[in-house]
Protein chains: 2
Amino acid sequence: MDAISPSGINPLIRKLDSVSILSDEERGAVSGLPMHIRDLKADQDIVRERDRPSQCCVMLDGFACSYKVTAEGKRQILAFHIAGDVPDLQSLHLKVLDNSLATISPCRVGFIQHEHLLHLCERYPRITGALWRGTLVDAAVFREWMTSIGRRPAYSRIAHLFCEMVVRMRAAGLVRECPCQIAFTQNEIGDALGLTTVHVNRTLKQLREEGLVTFNRGVLTIHEWEGLKEAGEFDPTYLHLETNRAAA
Amino acid sequence: MDAISPSGINPLIRKLDSVSILSDEERGAVSGLPMHIRDLKADQDIVRERDRPSQCCVMLDGFACSYKVTAEGKRQILAFHIAGDVPDLQSLHLKVLDNSLATISPCRVGFIQHEHLLHLCERYPRITGALWRGTLVDAAVFREWMTSIGRRPAYSRIAHLFCEMVVRMRAAGLVRECPCQIAFTQNEIGDALGLTTVHVNRTLKQLREEGLVTFNRGVLTIHEWEGLKEAGEFDPTYLHLETNRAAA
DNA sequence: CGTTTGGTTGAAATGTGTCAAACTTTGTGG
DNA sequence: CCACAAAGTTTGACACATTTCAACCAAACG
């Protein structure tokens, strides 16, 4: 049988570990969760707005995104999801989904029935805390995105997104060296940042000409990290990465 | 001694009740929380980005907002808070605040020490669930705002905001009839929606001329609810109002 | 090796921002 | 209770970031 994920370790455990300190017993309880694993193709909906799921989806490998579509048919990507994320954890407490979820690259995902997660939370309050904390970090990322989309020019938005993705992927152990894979297109960058593909393209050119980053067909090369951070006004505080391990 | 809030009942209980079903014992435990009440003037910071609060703030009366300021000094308002909201509940689990919080009208707020909230959550898992659920609804609102800011024109954004505020305030028992008070300025509307005050003004004029709404110095009059909803593509699903009372 | 997907570019249109001034209401101190 | 200041709203002219439309190009893929 295949390993649960390319790295061989359970990405969910890794994620919870990064957000909280769990005991071996707790970690064991998480890995013991009955999980139905599926491999999905790129550009496939996993769940849709208005669904009432009875299970949550755990990202094991690949890239996915949450999104909404306006009445005029414009798509807004709300978040990118990487290994370890539980993109629809909200469904555990909110019956109706208010956004859709789709793969953007081939993905391996695990489905866990709500009842199992609820039992786990009942039994292990610290796991509840870790999951809750995870949703609070997600909300912090939403706030940062709102600020970007609402108040920063295209140039900064794109720089900011690249910084965020690299920091998140590094924290998840998905990236080591610099030229790294981020499986999205200029179109998806636009949909995430409230921009047109065309304008993303032009702005990418500008960033490239200024020697900050190159992004081409999913290959991201950061030439000047400091410059990119500055261009994107990127301050990783909102990702709440190290800070919280010490929390009660 | 003054009542805790104008309505006389504890807005926090009302809020938790709207999100969950609590027993009398649980309700009693919430009202028994030691809370330090303060009256604040308008336009005053309550907590600031980078603070490490040891308490949470409960809105008892008035309007407040969460916000961030970009490097170029532009403000993005992330959320409006009304009675019953706990705008910085995140600080219970995330050490460092990633946004500031300020009053926009005179406010009465209550401060509760984290330790008391944590004890309460330990003792009453269903209260944990209710609070968690509240943060998930907040996140759902962020997602909707991102969609508005990223993909809807100014006209729709403003219409949408008015719809949302009225529905929320009605759910909180703060509004009955139509001409109602919403204590914010055109400037604050702009900061919330990623627009300029000037452009908000012009768009407001347009909405007024089309007979949908009038907004003047905090007095909101909705002339055509259906038309306004349509203009703002407003669908209240994301507020998760009734749906969840039936939840486990 | 043609077809598809994603990227690149130009010209023109437009929504929103900027700057600057005037107007109106509200609140306040004399 | 007036006069004045302060805060919020309104308007005009102009600038600019971003969109739209339309085409072309380049890589990836079966």
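Lettering follows sequence order; numbering is per chain, from 1. Just so we're clear, the structure is a prediction, and the values are computed from it rather than from any experiment.
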* Spacing between B:Gln206 atom CD and D:dT10 atom C1', to the nearest angstrom -> 15 Å

* Which ones in residues 180-194 of chain A lie close to DNA chain C, meaning a heavy atom under 4.0 Å from one of its atoms? -> A:Thr185, A:Gln186

* Sub-4.5 Å side-chain heavy-atom contact between A:Phe63 and A:Cys65 -> no

* Structure fact -> Here the salt bridge (Lys or Arg N to Asp or Glu O under 4.0 Å) pairs for residues 162-187 of chain B, sequence neighbours left out, are B:Asp85-B:Arg168

* Note, B:Leu97 side chain near B:Arg52 side chain (heavy atom, < 4.5 Å) -> no

* **Whether A:Trp225 and A:Phe234 hold their rings parallel, tilted or perpendicular, with breakpoints at 30° and 60°** => perpendicular

* To do: Step through it carefully: locate the ring centre of B:Tyr238, locate the ring centre of B:His160, and say whether they are under 6.0 Å apart.
  => yes

* Asked: Is a side-chain N or O of A:Ser156 found less than 3.5 angstrom from the main chain of A:Ala231, in a donor-acceptor match?
  -> yes

* Asked: Is the distance between the ring centroids of B:Phe162 and B:Phe215 under 6.0 Å?
  -> yes

Please write out each protein N/O paired with an N/O of nucleotides 11-14 of chain D under 3.5 Å, distance rounded to 0.1 Å.
unit_1 : atom_1 : unit_2   : atom_2 : d
D:dT11 : OP2    : B:Lys205 : NZ     : 3.4
D:dG12 : N7     : B:Arg202 : NH1    : 3.2
D:dG12 : O6     : B:Arg202 : NH2    : 3.4
D:dA13 : N6     : B:Arg202 : NH2    : 3.0

* A:Asp43 CG - C:dT4 P separation (whole Å) -> 16 Å

* **Pair B:Glu49, B:Asn99: side-chain N/O donor-acceptor within cut-off below 3.5 Å** => no

Name the atoms and distances for all side-chain donor-acceptor pairs under 3.5 Å in residues 188-197 of chain A, with sequence neighbours left out.
unit_1   : atom_1 : unit_2   : atom_2 : d
A:Glu188 : OE1    : A:Thr185 : N      : 2.9
A:Glu188 : OE1    : A:Thr185 : OG1    : 3.4
A:Asp191 : OD1    : B:Arg151 : NH2    : 2.8
A:Asp191 : OD2    : A:Arg75  : NE     : 2.8
A:Asp191 : OD2    : A:Arg75  : NH2    : 3.0
A:Thr197 : OG1    : A:Asn187 : OD1    : 3.1

* **B:Leu195 CG - D:dT10 P separation (whole Å)** => 16 Å

* C:dG17, D:dT18, D:dA26: which one has an atom nearest the side-chain heavy atoms of A:Arg157? -> D:dT18

* Partners meeting side chain to side chain contact (heavy atoms under 4.5 Å, CB included) with A:Arg217 (sequence neighbours left out) -> none

* Asked: Are side-chain heavy atoms of A:Val219 and A:Gln181 found at a separation under 4.5 Å?
  -> yes

* Can you check the A:Asn216 CG to D:dA27 C1' distance for me, whole Å? -> 9 Å

* In terms of side-chain heavy atoms of A:Arg217, which of C:dT16, C:dG6, D:dT18 is nearest? -> C:dG6

* Please work out if A:Leu204 contacts a base, only the sugar-phosphate, or nothing of the nucleic acid, heavy-atom cut-off 4.0 Å. => nothing

* For DNA chain C, the residues among residues 61-74 of chain A that have a non-hydrogen atom under 4.0 Å from it -> none

* **Whole-Å gap separating C1' (D:dT18) and CZ (A:Arg152)** => 18 Å

* Asked: Given atom NE2 of A:His199 and atom C1' of C:dT14, what is their separation to the nearest angstrom?
  -> 14 Å

